[in-house]
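Keep in mind that the numbers below use all heavy atoms, side chains included, and drop hydrogens, waters and symmetry copies. Chain identifiers are assigned alphabetically (A, B, ...) following the order of the sequence lines, protein sequences preceding nucleic acid strands; residue numbering begins at 1 within each chain.
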Amino acid sequence: MPAEVKRFTTETVGLALAHDSAALHVQGRAIYIDDMREPEGTLHVAPGYASEGAKGRITRCDLDAVRNSPGVVAVLTAADIPGVNDCSPAMGDDPIFAEDEILFHGQVVFAVVAGTHDQARRAARRARIEIAKDPAAITVEDALEQGTPDVLPPYEFRRGEPEKRIAAAKMRLSDSFHVGGQEHFYLEGQVAFAMPEEAGGMTVYSSTQHPSEVQHCVAKMLGVADAFVTCECRRMGGGFGGKESQAAQWAALAALGAHKTGRPVKCRLDRDDDMIMTGKRHDMRIDYDAAFDKTGRLTAVDASLLSRCGYSADLSLGVNDRAMFHSDNAYYYPAVSIESRRLRTNTVSNTAFRGFGGPQGMMLAERMMDAIAHRLALDPLHVRKRNFYGPKRDRTPYGMKVTDNIIAEVVAELEKTSDYYARREAIKDFNAKNRILKKGLALTPVKFGISFTLIHLNQAGALVHLYTDGSVHLNHGGTEMGQGLYIKVAQVVAEEFGITPDRVKITATTTGKVPNTSPTAASSGSDLNGMAAKEAASQIKKRLIAFAEREWQVAPDQIRFEKGRVIIANQSMSLGELAKRAHQARIQLSATGFYATPNITWNRDKVKGKPFFYFAYGASCSEVTIDTLTGEMRVDRVDILHDVGRSLNPAIDLGQIEGGFVQGMGWLTTEELVFDKEGRLRTHAPSTYKIPCASDVPADFRVKLFASPGNLANTIYRSKAVGEPPLMLALSVFSAITDAIAALKPGTAPPLEAPATPEAILKAVKAMSA
Amino acid sequence: MTGRNRIRFLRRGEVVELTVMAPMRTLLDYLRLEEASRGTKEGCGEGDCGACTVSLGSLKDGRLVYEPVNACILLLGQVDGKEVVTVDDLSQGGRLHPIQQAMVDSHGSQCGFCTPGFVMSLFALYQSGVAADRQVVVDQLAGNLCRCTGYRPIVEAALASCTGRPDDAWSKARGETEKTLAGLDDGSDLFIGDDNGFFAAPASDEALAQLTEKHPDAVLLSGATDVGLWITKQLRDIGKIIHLGRMRSLCRVAETADAVTLGAAVTYAEAERALGSIDPDLAELLRRIGSKQVRASGTVGGNIANGSPIGDTPPALIALGSELELRKGTVTRAVALEDFFIAYGKQDRAPGEIVASVRVPKLKRDEAFRCYKITKRFDQDISSVLAAFKFTLDGRRIASARIAYGGMAATPKRAAKTEAAVQNLSLDDAAGWNQAADCLSEDFQPIGDHRASADYRMQTARALFIKALTEISGEATRNTRVTGVRELVDAG
């Protein structure tokens with residue numbers, strides 16, 4: 001451990017403080033956008049779309065009945081947009097309103113502004129839109145067959161000649177399987193509220209992970225300069241990636257309505273509209289060939305990730321790149337080719353979702369481990385361990401050296417604390433005795449790269465004011481979606497000033513205070529904003545120290561900020577007293593802080609560099625029981641050990657780990673997106689799309705933070721990012737189900753598809769008995 | 001009509017009276033838009049996510065009971081005579097309610113949007129006086145979705161606070177609240193609106209007969225767990241609503257030595273004990289219908305009357321040999337439950353006729369019952385297949401069988417050919433069962449949809465038939481099931 005890691009002790013950082021809004025949450029007093037008291041005259045906007053058709057020219061768009069519907073004030077179409085009809089994050093291919101053609105079912109064609117939310121929704125249903133339907137590509141297979149141009153060019157990581165090695169190998173496997181998508185199901189649906197300001201200005205309150213992008217989108221749409229638009233977000237009722245790029249369209253509708261009517265306008269999507277009109281996790285077909293030796297160690301991997309991107313690019317470049325970056329998980333692939341296709345389909349444009357492609361990529365890795373183990377009748381854990389990165393086996397398929405690898409320690413500890421081997425024996429015994437029920441066990445690792453792979457996004461800003469009573473106003477570019485970012489950053493600032501966090505007023509994220517921000521995504525919220533806020537606070541502190549040096553003629557090392565007091569040599573005063581004195585001496589008590597992650601490089605064209613600042617590690621062990629008659633499955637026990645470095649807030653981190661795991665478990669088990677042949681999403685509400693509920697979480701759920709000496713990378717107080725990595729701990733559930741099915745026919749790898757619904761499990765069971 | 005032309009309910013210790021009310025007004029819109037109490041959230045608008053959960057206090061056999069309900073699909077008129085408690089009310093004098101404090105202490109909220117609903121589901125549990133264990137808690141919370149926490153801290157908060165000894169403003173005011181609610185229960189016929197549009201909640205048989213006679217086009221409403229979605233999702237205009245929830249004659253649970261008879265407006269929650277006592281599988285089925293919120297509002301009568309092909313109770317009740325009483329004005333008739341379902345969306349019910357009650361025979365000594373619900377998620381999900389079996393046994397011989405399935409045809413339906421084929425088989429003749437199971441493909445030609453493919457439905461229908469016989473022939477259900485183990489239910 002480097003000496004500097006051990007050096008510091010903290011007062012506030014590291015405390016298991018409650019979420020800053022916890023007391024408001026439980027009283028229903030935390031204000032979400034739909035809870036803000038509407039100014040007089042507020043109107044409501046609802047989007048409208050063609051009831052049928054996934055692709056084709058619009059042949060009729062009769063909105064008369066919409067206009068004549070009770071309460072309607074305005075009907076908006078592309079023709080009403082003064083600026084650019086686009087809400088895409090980069091590529092310019094996401095029209096706010098479809099103009100001539102429809103590219104997916106549910107694509108917005110118009111919007112209606114009315115006196116009430118209910119009136120707007122009712123009016124929107126009265127449109128008559130007809131489409132001259134063209135053949136639509138709904139699935140990955142449709143897109144491959146129809147040969148529609150991909151949304152983005154293919155991309156490959158390659159080392160050596162895996163094809164040759166595989167062709168020559170004695171032991172090899174090939175497989176093709178599907179990994180399902182996932183609906184975010186943030187409990188607060190998409191919502192925005194737009195307030196027209198004087199002189200062409202617009203303030204937009206948006207439930208967004210990316211206020212700067214909403215600002216840009218609205219400005220571009222209105223044809224005004226960015227400076228005329230302000231976007232603010234105090235909190236989201238969940239985001240999970242679904243409000244990274246895809247909050248923009250609803251903010252644009254509210255802003256356009258406000259621009260058109262001169263009145264405040266709110267856009268809140270009904271849940272079904274939200275699920276139909278917004279993108280999801282990319283589902284993929286993954287094909288691979290692999291060669292391995294008799295101990296189960298891989299010698300070559302040749303894989304393709306065929307991804308359903310939907311009708312436009314959205315964030316598909318980054319998502320699919322990250323799927324490739326994580327197709328190794330924690331394993332070394334000596335010769336390797338990872339190819340990625342970004343297929344265009346006539347479905348809603350898929351987008352960011354916690355893990356950002358990583359989970360799909362890791363499915364490939366874990367699938368191979370299970371298949372090799374079941375084929376060789378080895379314990380899958382042994383096969384996994386044999387393939388871990390290690391000395392001289394430390395280059396990823398994209399050429400980065402893994403230098404902070406602790407997966408062996410994490411797994412060694414978990415296999416002990418989870419009692420893995422004793423339970424393995426007990427399960428063998430159970431399976432030998434039981435005809436109908438079978439149990440499975442799996443222990444899987446997670447290694448997740450931290451940093452945006454689009455390098456310029458790895459920056460953040462903060463704004464800190466110290467008032468003359470010693471209270472602190474904190475603002476930064478990160479958004480709060482429930483993950484506890486605000487309290488973590490407040491702890492950092494409180495630590496810097498030696499005060500308690502209740503003296504730090506956390507304020508809503510707004511483009512007016514901290515500009516040009518990155519999305520709160522890629523698990524980077526605390527790493528980036530924590531550093532930026534620390535930098536801002538530290539500037540003020542330095543000025544105070546300099547002032548105190550002069551004022552009291554002391555050396556800087558005689559000045560300490562602790563326990564709410566400032567110690568200056570042998571006197572002590574409150575931070576407020578010092579601030580007041582400094583103010584009277586005309587010292588600036590406000591500062592902006594800025595942080596850019598050091599030492600990361602990535603040349604995408606040359607496939608070269610070090611895209612990640614560090615890796616986060618973890619492991620989980622799951623036990624399941626399946627019913628081989630019906631395919632029903634129960635998770636019996638889960639043990640997790642996860643590395644967060646030195647935790648900024650262990651309670652918040654534990655919440656991220658548990659919540660991420662359960663969300664990942666849902667993705668791999670009960671959550672199934674079903675599109676019909678016409679491209680209509682049939683699972684567009686919680687009645688048909690099933691996220692985990694309380695009883696799905698095993699009663700026996702043991703989660704621990706890895707006793708880490710601290711991140712080797714110089715992160716904020718040596719903590720590690722925790723937002724996304726835990727989601728992939730749920731891969732152990734899928735592997736455990738695979739393991740249970742494998743008990744039916746030793747020596748055969750079960751052809752289980754994800755999500756492992758009862759139907760998918762039964763299908764694999766039947767295939768094993770065939 | 002004589003009667004009352006205003007609804008009355010108890011709110012924050014005061015009786016609220018409303019004389020003007022749009023018939024389709026939901027409780028959630030009333031709270032958020034009219035009262036401007038914005039603690040209660042809309043998550044889905046269809047009664048599935050529980051973010052809008054509030055607690056309703058009402059008298060059951062004279063005793064005050066708090067139940068969680070989904071305010072998004074509950075119509076405002078349905079709260080007549082009840083107490084409405086929302087998350088905005090709980091903290092008093094700057095102090096958090098014990099439930100709220102426990103939620104904070106256990107880090108039970110992250111984004112916080114679902115939290116008010118969880119708090120209110122737990123509020124109902126807190127008032128129940130039940131010392132909660134984990135099973136009670138997860139059952140109480142089946143209708144509350146959280147996407148952030150993974151539930152563990154919420155369950156912990158519940159276990160810490162729902163100790164069975166309620167001590168808060170509501171438990172202290174219990175006597176007074178009971179008195180107030182008893183006073184609101186005036187037995188008068190409620191009617192708000194006019195002949196062109198109204199919300200009516202008759203209390204007397206005469207008033208109901210008159211209303212259905214005069215307005216055969218009116219929608220009969222019991223729990224609104226289905227009709228509520230016609231309003232919030234289909235955006236239908238329902239001008240005339242006759243709510244059955246105040247009809248004492250329809251709200252009775254009558255139990256005799258050989259049958260349980262449920263009035264059509266009896267909620268699942270009210271039916272749970274009597275029906276559940278017939279068989280542990282039936283108890284487990286009822287536990288898995290909707291959620292606490294849905295069971296507090298929804299009715300067995302409504303589940304039957306709306307004729308859904310995937311209604312969960314009809315197959316079980318058909319297998320048990322249940323019979324309906326239909327009533328039009330004062331004329332009644334009886335019909336076997338399986339004969340009530342004619343075709344998809346078509347029931348044997350004349351305009352103005354109502355389902356009055358359902359009589360469910362108890363099991364006789366020589367009868368064995370099993371029922372299974374197949375879903376993607378165990379709790380609060382709609383079945384892809386529901387199978388129910390009643391075998392009459394003569395020693396190890398199957399003397400006769402009643403087998404009914406849901407999800408396998410356009411209506412809940414008996415497996416007539418399979419019933420015949422299994423008759424006289426022995427409980428030891430596994431090969432014979434397999435042969436009999438072949439008849440299922442003659443009885444049913446299921447369709448595939450987003451819940452399950454046709455193949456899976458057929459395979460599962462068959463598997464459940466075999467499973468039922470396997471269990472009845474003596475295999476312990478801990479070896480045959482991953483959920484709803486009977487031995488545990490029996491022991492518990």
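Against chain A, the residues from residues 370-377 of chain B that qualify, each with a non-hydrogen atom under 4.5 angstrom away, are B:K373, B:I374, B:T375, B:K376, B:R377 in number order. Contacts between residues 660-670 of chain A and chain B, counted as heavy-atom pairs separated by less than 4.5 Å, involve A:V662, A:Q663, A:T670. Residues from residues 87-95 of chain B that place a non-hydrogen atom less than 4.5 Å from a non-hydrogen atom of chain A comprise B:V87, B:D88, B:S91, given in numerical order.
For A:C693 against B:L145, the heavy-atom pair with the smallest separation is CB-CD2, 4.1 Å. When every heavy atom of B:R134 is checked against every heavy atom of A:A694, the shortest pair comes out as NH2-O, 4.0 Å. Residues A:F240 and B:C148 come closest through the heavy atom pair CZ-SG, 3.7 Å. Closest approach of A:P686 and B:C44 over heavy atoms only: CG-CB, 3.5 Å. Between B:V104 and A:A18, the closest heavy-atom pair is CG1-CB, 4.3 Å. Smallest separation of non-hydrogen atoms from B:H450 and A:T688: NE2-CG2, 3.3 Å.
Without hydrogens or angle criteria, B:R147 side chain to A:G237 main chain gives no donor-acceptor distance under 3.5 Å. In terms of modelled atom types and a separation under 3.5 Å, the side chain of A:R235 and the main chain of B:C111 share no donor-acceptor contact. One N or O on the side chain of B:Q100 and one on the backbone of A:V26 form a donor-acceptor pair closer than 3.5 Å.
With values rounded to the nearest 0.5 angstrom, A:E672 atom CD is found 11.5 Å from B:R451 atom CZ. For the atom pair CZ of B:R481 and CG of A:D627, the computed distance is 10.0 Å after rounding to the nearest 0.5 Å. Taking OG1 from B:T460 and CG from A:L762, the interatomic distance works out to 6.0 Å, rounded to the nearest 0.5 Å. From B:Y456, atom OH reaches atom CD1 of A:I761 across 8.5 Å, with rounding to the nearest 0.5 Å. Atom NE2 of residue A:H117 and atom CG of residue B:L33 lie 9.0 Å apart, to the nearest 0.5 angstrom. Here NZ of B:K41 is found 11.5 Å from CG of A:L187. Values are rounded to the nearest 0.5 Å.
By number of non-hydrogen pairs under 4.5 angstrom with chain B, the leading residue of A:I691, A:L629, A:T628, A:L673 is A:I691. Between chain A and the residues B:R152, B:M103, B:R462, B:Q135, the most heavy-atom pairs under 4.5 angstrom are made by B:R152. Contact count versus chain B (heavy atoms, under 4.5 Å) is highest, among A:V674, A:D35, A:I31, A:I436, for A:D35. Chosen from A:G238, A:A23, A:S21, A:P692, the residue pairing most often with chain B at heavy-atom distances under 4.5 Å is A:P692. Top candidate by heavy-atom pairs under 4.5 Å with chain B, chosen from A:M236, A:M275, A:K433, A:H184, is A:H184. In terms of heavy-atom pairs under 4.5 Å with chain B, the best-connected choice from A:V703, A:L24, A:T630, A:T757 is A:T630. Interface remark: of the candidates A:H19, A:R271, A:E480, A:E671, A:R271 forms the most heavy-atom pairs closer than 4.5 Å to chain B.
Within the 4.5 angstrom heavy-atom criterion, only side-chain atoms of B:E475, from C-beta onward, approach chain A. Only the side chain of B:M24 comes within less than 4.5 Å of a heavy atom of chain A; its backbone N, CA, C and O stay farther away. Contact of B:S384 with chain A is not made at all, since no heavy-atom distance falls under 4.5 Å. Heavy atoms of B:V119 lying under 4.5 Å from chain A belong exclusively to its side chain. Only the backbone of A:P698 comes within contact range of chain B, with at least one heavy atom under 4.5 Å from a heavy atom of that chain. Heavy-atom distances place the side chain of A:Y32, and not its backbone, under 4.5 Å from chain B. If you measure heavy-atom distances from B:T149 to chain A, the contacts under 4.5 Å come from the backbone alone. Only the backbone of A:A30 comes within less than 4.5 Å of a heavy atom of chain B; no side-chain atom from C-beta onward does. In this structure, chain A has a heavy atom under 4.5 Å from the side chain of B:Y151, while its backbone stays farther away. With a 4.5 Å cut-off on non-hydrogen atoms, B:L229 does not touch chain A at all. When heavy atoms are compared at a cutoff of 4.5 Å, A:K766 approaches chain B solely by way of its side chain, counted from C-beta outward.
Atom NZ of A:K763 has 12 or fewer neighbouring heavy atoms from other residues, nucleotides or ligands inside a 6.0 Å radius. Residue B:R478 places its CZ atom among 12 or fewer non-hydrogen atoms of other residues, nucleotides or ligands, all under 6.0 Å distant. Within a 6.0 Å radius of CZ in A:R435, other residues, nucleotides and ligands contribute 12 heavy atoms or fewer.
Under the 3.5 Å distance criterion, with hydrogens and angles disregarded, no donor-acceptor pair is assigned to the side chains of A:H25 and B:T115. Side-chain polar atoms of A:Q656 and B:Q110 form a donor-acceptor pair below 3.5 angstrom.
A salt bridge is defined here as a Lys NZ or Arg NE, NH1 or NH2 lying under 4.0 Å from an Asp or Glu carboxylate O, and B:D237 with A:R122 meets this definition. For the pair B:R38 and A:D34, the salt-bridge criterion is not met [side-chain N within less than 4.0 Å of a carboxylate O].
With contacts defined as side-chain heavy-atom distances shorter than 4.5 Å, the pair B:T483/A:E632 qualifies. A 4.5 Å side-chain heavy-atom check between B:L96 and A:Q27 finds at least one atom pair inside the cut-off.
With sequence neighbours left out, the salt bridge (Lys or Arg N to Asp or Glu O under 4.0 Å) criterion links A:K438 to no other residue.
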Self-check item: Evaluation steps, side chain to side chain contact (heavy atoms under 4.5 Å, CB included), between B:K233 and A:D270
Solution: CA-CA 9 Å; B:K233 291 296 166 181; A:D270 168 66; 2.8 Å; yes
